[in-house]
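Read the structure below first, then the notes.
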Amino acid sequence: GLNTVKGPFSTDEPPTPRKDVTTYNNFYELGVEKSDPAQLAPSYFTKTRPWSVTIAGECAKPGTLGYEDLIKPHRLEDRIYRMRCVEAWSMVIPWVGIPLGEVLKRFEPGSKAKFVEFTTLQDPERLPGQRRSVIDWPYVEGLRIDEAMHPLALLAVGLYGEELLPQNGAPIRLVVPWKYGFKSIKSIVAIRFAETPSRTAWMKAAPREYGFYANVNPAVDHPRWSQGAERRIGEFLKRKTLPFNGYADQVASLYSGMDLAANF
Amino acid sequence: MDKLLRQGWVKPLLFAVCLIPLGLLVWRGASGGLGANPIEATNRFLGDWALRFLLIALAVTPLRQMTGWNAVARWRRMLGLFAFAYVVLHFSSYVGLDQFFDWSAIGREIVKRRYITLGMVAVVLLIPLALTSTNAMMRRLGGRRWQALHRLVYVIAPLGVAHHWMMVKKDITEPAIHAAILAVLLGWRGVARLRHNGAATTARPTACSVPQSSSPSP
């Protein structure tokens, strides 16, 4: 197991069983069915070390770091977060990770660094889903710099006290619990500080349906389904979806004055 | 082959085969084989099979005409009713499992979500076909009217395929396959009809030996 300390912001809701968290995944790089990633990962995405992450863009210390060098300076924290998928289901996941902001600060982002862009590994050998152009590979996601620096934002390396499994985005992934799950990009190989927001993978795939912010918002429906309620995995009845996935107290101020229906 | 297909045990066997998907679903449900989100899995599974049975039922006539196995015509009603049964199960799992009888939410969804609107229209249109599937109803309506009514399936099946297509998030492989099959099944009827009409109006009397079976039927 991983050596961790208790981190802040954890929910006391019962975690979703490990089996469900590790077998019900949206990771199109390993297939479009939710059972695909867990089934395909053991044959394809077996090697997640060595791993390196390239840091680029508007910062004083760009470069390429090995996984260990990226993680070592930080203490691993346990954080139990709610995860709300844009498809109207949710889980409670005990992550292990490090605060994203603390990592980003090491690279000394400059005044032009208004946004941060993340990129997933592109390797059709290991990620066979990329052999078909379901979406425009590689998967790209982005955050505004103040979102990225928010103490809730996490770079996760583990789950249930163990290292991340490939289907969950090994070896390092983003977790942004107040946004729909697709923002929490998996298997990150590049981080870039930028002056302008990125066109993310899902914005390119369906601009009408997926915006840059993707904050969990029961008041703004997906064009094809309601976001007012969600099914917590393991529960029968749907529960009401909370603004910012229940993290409004922490993050609502980031968006004061913004029209969240226009900036969906 | 046609003779073999006329054997008394064939139709009951086919009936049992048509129950396999349902049995598989029940077995998976009981053994935890439906995964982390069993309600979604159930709904998708039933929807997939509703659509497949619609296509299977629509394949009967082309199959009969292509192969000359007239025995398959005897299965058409049963296959059509299985399609209806899986549609009803799919609809029920949406209402009872997915929405848990939240009628106001269901009403909002029907109005607001186009793919649900189309699905509901398909369900409603199927009801008169199921109700008039008995011999007695066939007699009461008369062949011509009965056939006209049952041509509704040419609207229902595309609605079903469109319903699936519009629901899918990104990978449209499966709905595209369904659409292609449907296009072949409907296109085949169109061509058969054109040929039949052409033969009837322009050809010499001998050409009227076009087999009766080439007239389009649901």
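First the proteins, then the strands, lettered A, B, ... as listed; each starts at 1. Worth knowing before you read on, the calculation uses all heavy atoms, side chains too, and leaves out hydrogens, waters and symmetry mates.
- Around the OH atom of Y94(B), the shell of radius 6.0 Å holds more than 12 heavy atoms that belong to other residues, nucleotides or ligands.
- The main-chain N or O of R224(A) is never found under 3.5 Å from a side-chain atom of R114(B) such that the two would form a donor-acceptor pair.
- N25(A) does not touch chain B: none of its heavy atoms, backbone or side chain, sits under 4.5 Å away.
- Heavy atoms closer than 4.5 Å to chain A are found nowhere in D102(B), neither backbone nor side chain.
- We find the CD-CG distance between E235(A) and N37(B) to be 11.5 Å, quoted to the nearest 0.5 Å.
- Using a 4.5 Å cut-off between heavy atoms, S35(A) does not touch chain B at all.
- Few gaps surround CD on Q7(B); more than 12 heavy atoms of other groups in view lie less than 6.0 Å from it.
- Using a 4.5 Å cut-off on side-chain heavy atoms (C-beta onward), K170(B) and V32(A) make no contact.
- Side-chain contact between W225(A) and M167(B): absent, with no pair of heavy atoms (C-beta onward) separated by less than 4.5 Å.
- Per-residue counts of heavy-atom pairs under 4.5 Å with chain B were compared for M91(A), E87(A), K19(A); the largest is that of E87(A).
- Contact count versus chain B (heavy atoms, under 4.5 Å) is highest, among P17(A), A229(A), A205(A), for A205(A).
- In this structure, the portion of V86(A) lying under 4.5 Å from any heavy atom of chain B is its side chain and not its backbone.
- Distance check: W89(A) CH2 to I39(B) CD1 gives 14.5 Å after rounding to the nearest 0.5 Å.
- P223(A) touches chain B through its backbone: at least one of N, CA, C or O sits under 4.5 Å from a heavy atom, while the side chain does not.
- Using a 4.5 Å cut-off between heavy atoms, Y28(A) contacts chain B through its side chain alone, with no backbone atom that close.
- One distance of note links NZ of K238(A) with CD of Q99(B); it measures 4.0 Å at 0.5 Å rounding.
- Within 6.0 Å of CZ in R140(B) there are 12 or fewer heavy atoms belonging to other residues, nucleotides or ligands.
- For K34(A), the part sitting under 4.5 Å from any heavy atom of chain B is the side chain, from C-beta outward, and nothing else.
- Summarising the local packing, CZ of F15(B) is surrounded by 12 or fewer heavy atoms from other residues, nucleotides or ligands at distances under 6.0 Å.
- Only the side chain of R231(A) comes within contact range of chain B, judged by heavy atoms closer than 4.5 Å.
- With a 4.5 angstrom heavy-atom cutoff, I116(B) does not touch chain A via any of its atoms.
- Ionic pairing of D221(A) and R113(B) is present here: one or more N-O contacts between side-chain nitrogen and carboxylate oxygen are shorter than 4.0 angstrom.
- Proximity of R108(B) to S226(A): side-chain heavy atoms (C-beta onward) are nowhere separated by under 4.5 Å.
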